[in-house]
Protein chains: 2
Amino acid sequence: MRSFVAVVDAGRFQDAADDLSITQQAVSKRIAALERTLGVRLFTRTARGARLTVDGQAFLPHARDLLRAEERALASVRPGRRALRVDVIGRRLAPASVLGGFHRARPEVELDVVTLFDVGAAVEALASGSIDASFRAVDPSRLSGDIAAARVFDEPIQLLTGPGHPLADAASVTPADLAGHRIWMPGIVAGTEWAAYYDALAAAFGLGIEVTGPGFGTEPLLDTLAGSPSLATFVGELTRLVWPADQGLRRISVQDPTPVYPHSLIWRRGNPHAALGDLRDHLGTVRPGAGTWTPEWASAAA
Amino acid sequence: MRSFVAVVDAGRFQDAADDLSITQQAVSKRIAALERTLGVRLFTRTARGARLTVDGQAFLPHARDLLRAEERALASVRPGRRALRVDVIGRRLAPASVLGGFHRARPEVELDVVTLFDVGAAVEALASGSIDASFRAVDPSRLSGDIAAARVFDEPIQLLTGPGHPLADAASVTPADLAGHRIWMPGIVAGTEWAAYYDALAAAFGLGIEVTGPGFGTEPLLDTLAGSPSLATFVGELTRLVWPADQGLRRISVQDPTPVYPHSLIWRRGNPHAALGDLRDHLGTVRPGAGTWTPEWASAAA
DNA sequence: AGCGGCCACAACGTTCCGTTGTGCGGCTCG
DNA sequence: CGAGCCGCACAACGGAACGTTGTGGCCGCT
């Protein structure tokens with residue numbers, strides 16, 4: 001492929017061979033092999049060099065695309081001067097949406113999005129330089145000195161129920177209304193920030209939150225919820241859910257106070273990546289809104 | 001690269017090897033070689049299979065992009081069910097703009113843009129099926145029965161002069177005004193539709209059009225024009241020109257009548273490519289406008 | 001502690017690839 | 001019009017790369 005593009009740019013096999021630091025015969029064999037695998041002739045050979053056929057012209061932009069893709073792939077793991085690498089907690093959750101907004105606002109900034117296991121892994125990755133930023137809910141006072149955090153987005157939590165649930169037709173509910181109801185959050189791993197958040201939420205309002213059982217993905221969860229008259233779950237307002245057909249699921253806002261999930265951006269102080277500053281500028285910082293609730297630790301000073 | 005994606009999708013080297021129809025050891029060596037060339041570790045090897053590292057997660061979308069690019073490249077030359085392949089007469093000229101408009105309107109339609117030598121080559125390529133459509137100015141009556149044409153766009157011709165030209169400050173000129181002036185069109189190859197058009201234009205209004213000399217590209221032409229007090233040239237209204245700094249070049253509209261270049265779309269009757277119909281629908285057909293001039297042959301019936 | 005699953009290392013044969021040497025066809029210039 | 005040149009293709013050869021078989025080490029599970 002590289003030989004093909006080199007011949008197009010050079011116009012002659014010999015010149016392309018010089019560019020590639022191989023012999024003209026090797027280029028000839030590469031092009032012949034490429035033409036054989038594609039089943040079409042890419043060049044018309046003339047006495048003054050090689051000219052593209054129609055098929056070659058059509059193939060050329062795709063070949064260049066391929067080489068560009070290779071270049072980007074290599075750049076994505078090249079140490080130093082690589083794309084900004086950001087950890088988000090699930091691609092359907094709010095941080096991914098926020099990051100998508102940044103990408104639309106600044107499409108020229110190269111982004112690589114990854115997902116780590118938990119805050120600890122994220123902090124470790126930040127410290128080692130393998131990622132540049134992470135969206136997490138953290139207790140700022142527990143971060144070591146070289147890791148900085150900014151609370152960038154408070155996401156209201158909604159109640160998700162099936163149509164047969166007693167609260168299914170409520171326009172909104174208060175946290176106190178939920179006492180005595182079964183809140184089911186399968187797949188929450190103990191020790192993660194999710195578990196810490198829901199533990200605090202349960203303790204603050206006397207809720208019964210069941211974190212039992214491994215998660216089998218969202219689809220079975222939604223199926224179970226849709227058919228249950230007593231189970232409900234929490235879901236972030238910006239979480240993208242896709243349910244196959246309409247299962248009658250309801251998203252009910254929670255108010256007075258509204259529990260919000262405090263998404264923070266954390267990064268290593270002194271990280272010189274230019275795009276990191278752009279991202280921080282784009283996100284800004286939020287202060288806790290009136291009528292909202294977050295765990296104590298989310299409001300601690302850094 | 002394919003092995004990398006296969007391992008990610010399968011989760012285990014052995015399963016990926018089965019998908020690729022090679023042995024587990026071969027997959028192991030491929031991944032090891034890839035990690036060696038990239039200089040980073042892509043997987044963490046566990047007793048239950050292979051999990052992506054942070055670098056692996058960042059690399060993955062680029063690897064998929066690369067494979068998609070390869071797939072598109074192969075598809076661009078695969079006979080049958082390939083992207084719509086359209087011949088345009090120069091990428092800076094009006095047909096390329098029109099095609100760009102179609103692409104913006106119907107981004108899902110895959111397009112390959114090529115440029116052939118002249119109408120004859122285009123018709124031949126249409127007949128042989130190596131292209132699906134061509135933007136050209138043709139005499140419809142001279143096309144064979146299985147090639148169809150539709151006049152899709154009339155592009156007004158403008159006069160391009162340097163600041164020292166006698167007509168430089170005119171708001172507009174008539175073709176009759178140009179008699180006696182030197183019109184210079186280097187790079188026009190005799191026998192092409194361009195030559196036929198300007199020959200007809202010269203004959204109709206008694207103009208002196210010089211087609212001498214090979215074209216050395218647009219930049220030297222613009223340079224010469226900018227410095228000449230007597231030379232001028234014609235240029236299509238939609239032609240994209242880029243001049244380095246401001247050379248004082250003037251684009252002067254021609255009126256009473258306005259010579260227009262009759263771009264036609266030509267295609268082979270019976271070509272079943274679905275996107276060809278989409279393109280024809282998008283372009284529609286124009287009738288010669290009042291106050292315009294085209295060569296006789298452009299208005300002939302098919 | 002034993003076992004099974006999973007990946008890495010080693011040795012080997014084949015295939016592929018690049019190089020050197022040479023041939024063929026078309027353009028160009030005397 | 002023919003000699004010379006230029007540009008690409010074909011042939012033979014050596015080495016590198018790749019995939020296979022066989023085997024060992026590590027981890028988690030029973």
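Values reported hereafter were calculated over all heavy atoms of this structure, with side chains retained and with hydrogens, waters and symmetry mates removed. Throughout, a chain's letter reflects where its sequence line sits, starting with A, and its residues are numbered from 1. Since we're looking at a predicted model, the values are computed, not measured.
- Counting to the nearest Å, the P atom of dT28(C) and the CZ atom of Arg48(A) are 6 Å from each other.
- Counted within 6.0 Å of CZ on Arg91(A), heavy atoms from surrounding residues, nucleotides or ligands total more than 12; the atom is thus considered enclosed.
- When the shell of 6.0 Å around CZ of Arg2(A) is examined, it contains 12 or fewer heavy atoms from other residues, nucleotides or ligands.
- The environment of CZ in Arg240(B) is crowded: more than 12 heavy-atom neighbours from other residues, nucleotides or ligands sit within 6.0 Å.
- Looking at Leu111(A), Asp87(A), Leu84(A), Val86(A) one by one, the single match for side-chain contact (heavy atoms from CB on, under 4.5 Å) with Asp132(A) turns out to be Leu84(A).
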Residues Thr53(B), Asp55(B); criterion side-chain hydrogen bond (donor to acceptor under 3.5 Å, both in side chains); working and verdict: CA-CA 5 Å; Thr53(B) 63; Asp55(B) 286 312; 4.9 Å; no
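- Remark: side-chain polar atoms of Ser228(A) are not paired, donor with acceptor, to backbone N or O of Leu225(A) under 3.5 angstrom.
- Gln57(A) is not listed as a side-chain neighbour of Leu42(A), based on a closest heavy-atom distance of 4.5 Å or more.
- Side chain Gln25(A) to base dG21(C): a donor-acceptor pair is found below 3.5 Å.
- Side chains of Phe59(A) and Asp112(B) form no contact here, defined as non-hydrogen atoms less than 4.5 Å apart.
- A tilted orientation is assigned to the rings of Phe4(B) and Phe43(B), their planes being inclined by 30° to 60°.
- Using a 4.0 Å cut-off, some side-chain N or O of Thr23(A) falls inside it from OP1 or OP2 of dT19(C).
- Of all nucleotides listed (dT19(C), dG26(C), dC7(C)), dG26(C) comes nearest to the side chain of Ala47(A).
- Distance from the side chain of Gln24(A) is smallest to dA9(D) among dA9(D), dT20(D), dC7(C).
- Side-chain contact check for Leu116(B) versus Arg136(B): some heavy-atom pair is nearer than 4.5 Å.
- Taking the C1' atoms of five terminal pairs at each end of the helix from dA1(C)-dT30(D) to dG30(C)-dC1(D), the two resulting helix axes are inclined by 30°, rounded to 10°.
- Under a 3.5 Å cut-off, the side chain of Arg51(A) and the backbone N or O of Arg45(A) do not form any donor-acceptor pair.
- Less than 4.0 Å separates DNA chain D from at least one heavy atom of each of the following residues of residues 27-42 of chain B: Lys29(B), Arg30(B).
- Residue Arg45(B) has a polar side-chain atom (N or O) positioned under 4.0 Å from OP1 or OP2 of dA8(C).
- Of the residues in residues 6-19 of chain B, those placing a heavy atom less than 4.0 Å from an atom of DNA chain C are Arg12(B), Phe13(B), Gln14(B), in numerical order.
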